[in-house]
Amino acid sequence: MGNAAEARRTIGEADAATGGARTERLTKVYGAGDMAVRALDEVSVAFPAGRFTAIMGPSGAGKSTLMHCVAGLEDATSGRVYVGDEELGSLSDRRLTRLRRERIGFVFQAFNLLPTLTAKDNIVLPMTLAGTRPDREWLDTVVRVLRLGQRLNHKPSELSGGQQQRVALARALVTRPQIVFADEPTGNLDSRTGAEVLDLLRGAVDDLGQTVAMVTHDPVAAGYADAVVFLADGRVVDVMDEPTADRVLDRMRGLGDRS
Ligand SMILES: Nc1ncnc2c1ncn2[C@@H]1O[C@H](COP(=O)(O)OP(=O)(O)OP(=O)(O)O)[C@@H](O)[C@H]1O
């Protein structure tokens, strides 16, 4: 492991705000009887604190299902999901909703910004909804790192795609979540803006100690991560440390991916 990777790990371990997430033999079956689909089949995988993990695999491999189960958006059929030291299956609906709101950040392909709110009000929306106030210093740090200082009073329609994505990322980071999930965060962006968003996710891990898990089809995007988890047919088939786009592409070809 290089110095930078070591430093990142140390930051992640030292930062109590980011505890990572993991699954133990997580299984998710949709439907029943002849119609049953085993979307995840005993998946045990870790998203370590302070690390950037990509999730890849052919279409239908279970990537979104994995992300939704770890984020508490879907129940597991069997097995366990831990966010920090909380086991999601043991939480009441109320506590699960709170955990989702306070400890998990989401960045979706569609930015999901509210068009009538300014960038600033969109960023602090999770806290407005929760009736809490943002930590002023942390908000300033996130805004500075994401270079949004000059844009805070603009509505989403007055922002470029990349700026909107930065607002969505700021909103995901402002609660200091234990983990940020990004679902194809560059899918709708041109390659330059996409690279900028990936740099920002990388920066959130390196500079802010954030834990990030990202679903992507793009080997170049996966190359920004510290590790890539490969899924196929609902199972983990490989984990690659310190990936490069070329190695990821080779591995995906090996899984029969034509996308
Ligand atoms: N709500 C659902 N009901 C029934 N089957 C589902 C449901 N959601 C997903 N599946 C099935 O579970 C399997 C895994 O789907 P999932 O969306 O997790 O794959 P993915 O790897 O994210 O695919 P893609 O790359 O195409 O988005 C697929 O066979 C899919 O058809």
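Note that ligands are numbered from 1 as they come in the structure, with each ligand's atoms numbered from 1 the same way. These numbers were taken from a predicted model, which means no experiment stands behind them.
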### Query
Can you name the side-chain hydrogen bond (donor to acceptor under 3.5 Å, both in side chains) partners of D140, sequence neighbours left out?
R136

### salt_bridge(E42, K28) N-O dist < 4.0 Å
no

### Message
Is the shortest side-chain heavy-atom distance between R202 and D226 below 4.5 Å?
### Response
yes

### Pocket residues of ligand 1, ordered first by chain and then by residue number (heavy-atom cut-off under 4.0 Å)
Y30, V37, A39, P58, S59, G60, A61, G62, K63, S64, T65, H217

#### Entry: Residues R103, E86: salt bridge by 4.0 Å N-O rule
yes

### Query
Hey, does M127 have a side-chain heavy atom less than 4.5 Å from the side chain of R133?
no

### Task
Find the distance between OG (S44) and CZ (R80) and round it off to the nearest 0.5 Å.
11.5 Å

